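Working notes, beginning with the structure itself.
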Amino acid sequence: MIKLTKRVGGIAPSMTLAMSAKSAEMKAAGEKVINFGVGEPDFNTPANIIQAAKDAMDKGYTKYVAAAGLPALKKAVCEKFKRDNGLDYKPSQIVICNGGKHAIFNAVAAVVEEGDEVIIPSPYWLTYPEVVRFFGAVPRYVATTRENGFKMTAEQLEAAITPKTAMLIFNSPCNPTGAVYSEDEIKAIAAVCERHNLCVLSDEMYEKLVYDGLSHYSIAQVSPRMKELTIIVNGASKSYAMTGWRLGYLAAAEHVAKAIGSFQSHATSNVNTITQYAGLAALEGDQQPMYDMVEAFAARREKMMEILEGYRGVGLDYVRPEGAFYVMLVVDKFYGRSNSRKKIEGSMDFAMELLADEKVAATPGVCFGDDECIRLSYALSLEEMEEGLERIKRFCLSLK
Ligand code: PLP
């Protein structure tokens with residue numbers, strides 16, 4: 001039998017696997033499962049972007065391009081940073097990657113040594129700790145509170161830093177909590193990072209998905225020094241409904257981007273050339289389809305909040321999300337109660353039994369380091385959402 005390395009053998013299997021398998025099995029049996037587990041926009045990629053990909057193929061843009069990215073796309077990414085974030089980057093500071101996930105992997109590979117510590121505010125997106133562990137480093141979680149809107153404070157960050165800390169992974173807007181840090185909150189965190197010369201991986205994948213008139217603020221905007229310390233990760237997956245195309249990018253200090261580009265040239269080489277032409281159309285073309293999608297998410301979020309407000313009496317609580325398309329529903333009041341099969345002892349039990357009893361799929365909070373909640377995505381139609389929330393309430397009321 002082939003012996004696996006510690007690096008790969010140690011990667012945790014996805015905790016949601018059992019749930020997705022059960023949900024798929026129920027769907028295949030013709031049951032109507034309402035899925036709050038979705039991690040991607042339920043809209044198709046805008047037509048102008050799809051057309052740009054077709055045109056690229058027709059024109060024969062089907063060959064290798066520079067490993068770190070198509071020069072025209074890197075230039076468009078620089079223009080995006082200038083336009084949206086007031087940040088000046090040169091194309092040599094940009095690397096086009098296979099999705100945001102690959103950009104995160106590259107950034108950690110470039111900065112984190114074996115034995116280092118990486119600070120991750122919790123609840124967190126579940127890929128972060130796995131990537132950190134893959135490189136032999138140790139995730140150090142900072143537990144945020146619901147009272148503070150699931151946001152890490154500067155004091156918490158300061159207390160978590162040790163001589164071994166190599167990186168902070170910062171995610172605003174946040175998956176899974178929907179938290180969006182304000183400019184002042186980010187400035188306070190940046191002051192700590194600057195004092196400790198701490199590199200920040202700023203995951204800004206959900207930049208465009210902010211509500212209530214808020215705007216996204218990047219930690220790299222705080223000061224030239226903070227920009228030097230920051231690796232921004234962004235991409236087209238969420239903003240332009242392009243999850244399947246695999247288009248992410250990062251911006252970093254020149255020597256970091258250069259090293260990542262070289263590493264990528266041997267690992268994956270360039271991102272699919274056709275995808276890169278589509279990405280060019282996404283960044284440079286009509287932005288209206290993206291605004292329409294954000295508007296639809298905003299309306300769903302309003303509806304969800306309105307319904308959940310009415311559920312507080314049932315014992316369900318939530319923290320109003322300000323971005324992304326998720327809400328953490330606090331379900332721990334129901335732990336210790338049972339349905340006909342099982343005593344609910346955590347978010348995994350809650351989600352599995354909810355699926356079995358009411359055919360509603362949601363992601364257990366334990367996957368994100370918060371066992372008191374389940375994560376509900378509102379990337380589904382208003383009708384499904386209303387029906388699904390009604391079923392969740394019915395499930396909670398049925399527990400004895
Ligand atoms: N960062 C966060 C917080 C995400 O939720 C996701 C996807 O779910 C990603 C990064 C990765 O995005 P991509 O699909 O472009 O790899």
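Counting starts at 1 for both ligands and their atoms, in listed order. All heavy atoms count here, side chains included; hydrogens, waters and symmetry mates do not. On a predicted model such as this, the values are computed, not experimentally measured, just so you know.
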Polar contact flag for [X] and ligand 1 (N/O pairs, less than 3.5 Å):
X: G100; result: yes
X: N98; result: no
X: N175; result: yes

[atom]: the protein heavy-atom neighbour that sits closest, reported with distance to 0.1 Å:
atom: atom 12 (O) of ligand 1; result: M205 CE, 3.5 Å
atom: atom 9 (C) of ligand 1; result: W125 CH2, 3.3 Å
atom: atom 16 (O) of ligand 1; result: R246 NH2, 2.7 Å
atom: atom 1 (N) of ligand 1; result: D203 OD2, 2.6 Å

Atom indices of ligand 1, in the order listed, that fall short of 4.0 Å to a heavy atom of [X]:
X: S237; result: 13 (P), 14 (O), 15 (O)
X: Y206; result: 2 (C), 3 (C), 4 (C), 5 (O), 8 (O)
X: K101; result: 11 (C), 13 (P), 16 (O)

> Any non-hydrogen atom of K238 lying under 4.0 Å from ligand 1?
Replying inline: yes
> Does even one non-hydrogen atom of Y128 get within less than 4.0 Å of ligand 1?
Replying inline: yes
>> Check this for me: does any side-chain nitrogen of one of E306 and K303 sit under 4.0 Å from a carboxylate oxygen of the other?
In response: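 Here E306 pairs with K303 in a salt bridge, since their nearest N and O are under 4.0 Å apart.
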>> For R140, is there an ion pair with E117 - N to carboxylate O distance below 4.0 angstrom?
In response: yes
>> With a heavy-atom distance limit of 4.0 Å, tell me whether H102 approaches ligand 1 through its side chain, its backbone, both, or neither.
In response: neither
>> Just to be sure I read this right, does ligand 1 sit under 4.0 Å from the backbone of N171, its side chain, both, or neither, counting only heavy atoms?
In response: side chain
> Taking the six-membered ring of Y89, is NZ or CZ of K227 closer than 6.0 Å to its centre and within 45° of its axis?
Replying inline: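 Yes.
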Angle class for the [X]/[Y] ring planes (parallel below 30°, perpendicular above 60°, tilted otherwise)?
X: Y128; Y: W125; value: perpendicular
X: Y124; Y: Y141; value: parallel
X: F325; Y: F297; value: parallel

Distance-only side-chain donor-acceptor flag, [X] / [Y], under 3.5 Å:
X: S223; Y: E194; answer: yes
X: D371; Y: S347; answer: yes
X: E204; Y: N171; answer: no

